[in-house]
Peer 1: 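Have a look at this one before I ask anything.
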Amino acid sequence: MNTDTEPRVHPLSPTQRLDIRARRLGHAKQVNNIAIMLLAEVSLDLDLLRRAAEEAVARNDSFAIRIVRSGLETKQYFGEREVLLLETVDFTGQTEEAMDRFFEKVARKPLPLYNKAQAKIYIVKAPDGSTGLFTCISHLIMDTWAISVFYQDVVKIYRALEEGTPMPDPIVPYEEILEEELAYPGSPRQIEDRAYWQAELERFGGPPTYSAIDGTHARDRYRKLIRKPEHPFGHVIMLRTGSKHENLRIPPSDVEALTRFCAENRVRIQTVFLLALRTYLARVNGAVDDVSINWTVARRGTLREKRAGGHRATAMILRTVLTPEATFSDALQMIGDTQSSHSRHAEFPFMDSLKMQQATYGMKAYEWYAMVTFTMVVFDADQLGLPFRTKAYPTGTTPMPVYVILSGCLTPGSLNILYEFQHKRVSGTAVHHCHAFLLDVIRTGIQNPDITMRELLDLPVGELTRRRRRTPTPG
């Protein structure tokens, strides 16, 4: 592909390389699938919605990305803007469970990797009469932010077609953003970011504390196996990625109270959930002060990046040290400040950060400590211009022991959390305990922001029940 008429071939970005690695190492090849449903609370014309979706695909160069093998390397180019399929499905007269089974099956089927489109789109009429979209899109071409940009474009185009008004402004070409990202290695910004992260690793004075949703039992068995009773890390196996899931709802009254609290106190919704999650992790891992979570960051700092498609999201470690005397309000401030600071240096690739952690902490390639990953896929219905509800669908696999996905729409008060968890490592009981405690922390904290971490840790929670499992031999 070196002629003037052929598209340019680009290297993969660091985030894409990480996704390719997860697919190659894991036995479940659908690990890169992102499956989301967006349903309007009003009736939409399905034929017009299909036309809007077709037009939005044609305007979005993310749908042109093709993964190719180039010698021993995997690369990408931008070809035709198309999807694997765009179909209409009508579930009138069926149950919501039947609809969910249908789309879970789609979500669990691997998308092709090489030389093919990387997305499927369904125009949906749900059993309750609501209408909208279901998309199954590869993380290699889009992250959840990009999917929200696509959804917004579909809705804007639909309204333009319905009202006979001019088409909305096109989104920003992702290829331009990708080229900027590929120029990052060796830049002054990379040098600055590396220095920031090295200082961040060293400022705590030692390695982080193991943080798992079901406590320290897996780490304790690993310590016994390697005969190191103070070892800070656990064993992680990337091959065993088969997962189960729990899709647990957050009551609308809680969503309303939380949204009001965040608006009045200028706090991110995400920050409150991160604090609640880390409080639970602190409790079940021995009431520790030091807790780490894998936190997914959008990397959409500029207006151009916010209005583009593509895959920009990256993972980073959110390590928090909170004393028992710290208040809920203090903790929100600290976590929010840390999020802002980390986000300014989020271009630094996760794999480069991982190598720095291994060198700084003496951590082996098969060891890890932050066993929970958190991400948020929340839409503002006001931005869409119509009342919508959303739902994330499980893919049957997750590269991390637990993946916590907060999804929904704020304006209708519809939020839920999809917990995908490696069922060989984590029990559904642990997930339910986590969800219940998380909601109790949020309710208690927003009602009394001066409550301390010690008091929050003492909130009642059922004792976890765990199956005994053998810790595999590392290597």
Side-chain angles (χ1 to χ4, degrees), residues 1-35 57-58 60-86 106-121 135-144 146-147 150 173-186 190 237-242 299 308-315 347-355 365-366 395-400:
M1 294 184 178
N2 55 8
T3 70
D4 292 339
T5 59
E6 292 180 327
R8 288 177 296 165
V9 175
H10 301 283
L12 298 180
S13 69
T15 50
Q16 289 175 312
R17 292 200 301 271
L18 193 60
D19 287 338
I20 288 283
R21 181 175 182 266
R23 177 166 174 144
R24 286 175 175 168
L25 292 180
H27 72 280
K29 303 307 179 185
Q30 72 271 26
V31 67
N32 297 145
N33 291 9
I34 305 175
V57 168
N60 192 321
D61 66 347
S62 298
F63 293 105
I65 295 175
R66 300 292 182 270
I67 307 299
V68 293
R69 294 301 298 268
S70 179
L72 298 178
E73 296 184 75
T74 301
K75 296 188 176 183
Q76 63 187 317
Y77 70 94
F78 288 74
E80 295 295 323
R81 300 180 183 186
E82 57 188 8
V83 296
L84 289 167
L85 63 84
L86 201 167
V106 176
R108 290 168 182 262
K109 185 175 181 180
L111 294 165
L113 181 58
Y114 296 114
N115 303 302
K116 296 284 187 180
Q118 299 273 308
K120 296 178 180 180
I121 300 175
T135 58
C136 183
I137 300 176
S138 172
H139 217 324
L140 288 164
I141 69 167
M142 283 189 184
D143 53 29
T144 55
I147 293 172
F150 170 67
Y174 171 62
E175 190 170 13
E176 297 177 3
I177 306 296
L178 174 65
E179 290 171 344
E180 294 170 4
E181 181 174 4
L182 294 175
Y184 174 80
Q190 185 198 36
I237 304 173
M238 295 298 292
L239 294 175
R240 299 171 68 180
T241 61
R299 289 197 306 148
H311 180 11
R312 295 280 297 158
T314 189
E347 291 297 314
F348 197 70
F350 175 81
M351 290 304 295
D352 290 356
S353 172
L354 178 61
K355 291 175 183 177
Y366 49 80
T395 62
T397 182
T398 175
M400 293 301 298

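Computation of the quantities below employed the complete heavy-atom set of this structure, encompassing side-chain atoms and omitting hydrogens, waters and symmetry-equivalent molecules.
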Peer 1: Please report the interatomic distance CG(Leu86) to NZ(Lys120), rounded to the nearest 0.5 Å.
Peer 2: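 If we round to the nearest 0.5 Å, Leu86:CG and Lys120:NZ are 12.5 Å apart.
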Peer 1: Measure the spacing between NE2 of His139 and CG of Asp19 and express it to the nearest 0.5 Å.
Peer 2: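 The NE2 atom of His139 sits 5.5 Å away from the CG atom of Asp19.
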Peer 1: If only atom types and distance count, is the side chain of Ser138 paired as donor or acceptor with the main-chain N or O of Leu140 below 3.5 Å?
Peer 2: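 Looks like yes, one N/O pair under 3.5 Å.
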Peer 1: Treating Gln76 as the side-chain partner and Pro11 as the backbone partner, does any N or O pair qualify as donor plus acceptor under 3.5 Å?
Peer 2: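 Here the side-chain-to-backbone pair exists.
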Peer 1: Indicate yes or no for a side-chain donor-acceptor contact from Ser13 to the backbone of Gln16 under 3.5 Å, with no hydrogens or angles considered.
Peer 2: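 Yes; judged by distance alone, with no hydrogens or angles, the pair exists.
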Peer 1: Examine distances only and state if a side-chain atom of Thr395 and a backbone atom of Val31 form a donor-acceptor pair shorter than 3.5 Å.
Peer 2: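 No; judged by distance alone, with no hydrogens or angles, the pair does not exist.
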Peer 1: Could you tell me whether a side-chain N or O of Asp61 sits under 3.5 Å from a main-chain N or O of Pro173, the two making a donor and an acceptor?
Peer 2: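 Answer holds: no.
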Peer 1: Between atom CE of Met142 and atom CD1 of Ile34, what is the distance when rounded to the nearest 0.5 Å?
Peer 2: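 Interatomic distance, Met142 CE to Ile34 CD1, rounded to 0.5 Å: 9.5 Å.
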Peer 1: If the threshold is 4.0 Å, N to carboxylate O, is there a salt bridge linking Glu82 and Arg66?
Peer 2: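 Looking at Glu82 and Arg66, the cut-off is met.
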Peer 1: Taking all non-hydrogen atoms of both residues, which atom of Ala315 and which atom of Phe350 are closest, and how far apart?
Peer 2: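 In terms of heavy atoms, the two residues are closest at O-CD1, 3.2 Å.
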Peer 1: Between Arg17 and Leu12 (side chain of the first, backbone of the second, donor and acceptor by atom type, cut-off under 3.5 Å), is there such a pair?
Peer 2: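 Such a contact is found between Arg17 side chain and Leu12 backbone.
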Peer 1: How long is the straight-line distance from CG of Asn32 back to CD of Gln118, given to the nearest 0.5 Å?
Peer 2: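 Answer for the CD-CG pair, Gln118 versus Asn32, is 8.5 Å.
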Peer 1: Tell me whether Gln30 contacts the main-chain N or O of Lys109 through its side chain, where contact means a donor paired with an acceptor under 3.5 Å.
Peer 2: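 Checked: no pair found.
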Peer 1: Evaluate Asn115 against Val68 for side-chain contact (heavy atoms from CB on, under 4.5 Å), listing each step before the verdict.
Peer 2: CA-CA 6 Å; Asn115 303 302; Val68 293; 3.0 Å; yes
Peer 1: Determine, for Glu347 against Arg312, whether the closest basic-nitrogen to carboxylate-oxygen distance falls under 4.0 angstrom.
Peer 2: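 Salt bridge: yes.
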Peer 1: Could you walk me through whether Ile65 and His311 pass the side-chain contact (heavy atoms from CB on, under 4.5 Å) test, one step at a time?
Peer 2: CA-CA 11 Å; Ile65 295 175; His311 180 11; over 6 Å; no
Peer 1: Do Leu113 and Ile20 have side-chain heavy atoms sitting under 4.5 Å apart?
Peer 2: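 The answer is yes, as the side chains (C-beta and beyond) meet within the 4.5 Å cut-off.
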Peer 1: Test side-chain contact (heavy atoms from CB on, under 4.5 Å) on Thr397 and Asn33; report intermediate values, then the result.
Peer 2: CA-CA 10 Å; Thr397 182; Asn33 291 9; over 6 Å; no
Peer 1: Could you label the plane-to-plane angle of the Tyr174 and Phe78 rings as parallel, tilted or perpendicular, counting under 30° as parallel and over 60° as perpendicular?
Peer 2: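 Plane angle between 30° and 60°, so tilted.
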Peer 1: Between Asp143 and Ala313 (side chain of the first, backbone of the second, donor and acceptor by atom type, cut-off under 3.5 Å), is there such a pair?
Peer 2: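 Pair found, side chain donor or acceptor close to backbone of Ala313.
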Peer 1: For Pro112 and Leu84, which heavy atoms make the closest approach, and how far apart are they?
Peer 2: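 Nearest heavy atoms, Pro112 then Leu84: CD-CD1, 3.5 Å.
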Peer 1: What are the two closest non-hydrogen atoms of Gly310 and Ala146, and how far apart are they?
Peer 2: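 Distance-wise, the nearest heavy atoms are O-CB, 3.2 Å.
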Peer 1: Hey, what do you get for CZ (Arg81) to CZ (Phe63), rounding to the nearest 0.5 Å?
Peer 2: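 CZ of Phe63 is found 10.5 Å from CZ of Arg81.
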Peer 1: Any chance you could lay out the side-chain contact (heavy atoms from CB on, under 4.5 Å) test for Thr74 and Arg69, step after step, and finish with the verdict?
Peer 2: CA-CA 5 Å; Thr74 301; Arg69 294 301 298 268; 3.5 Å; yes
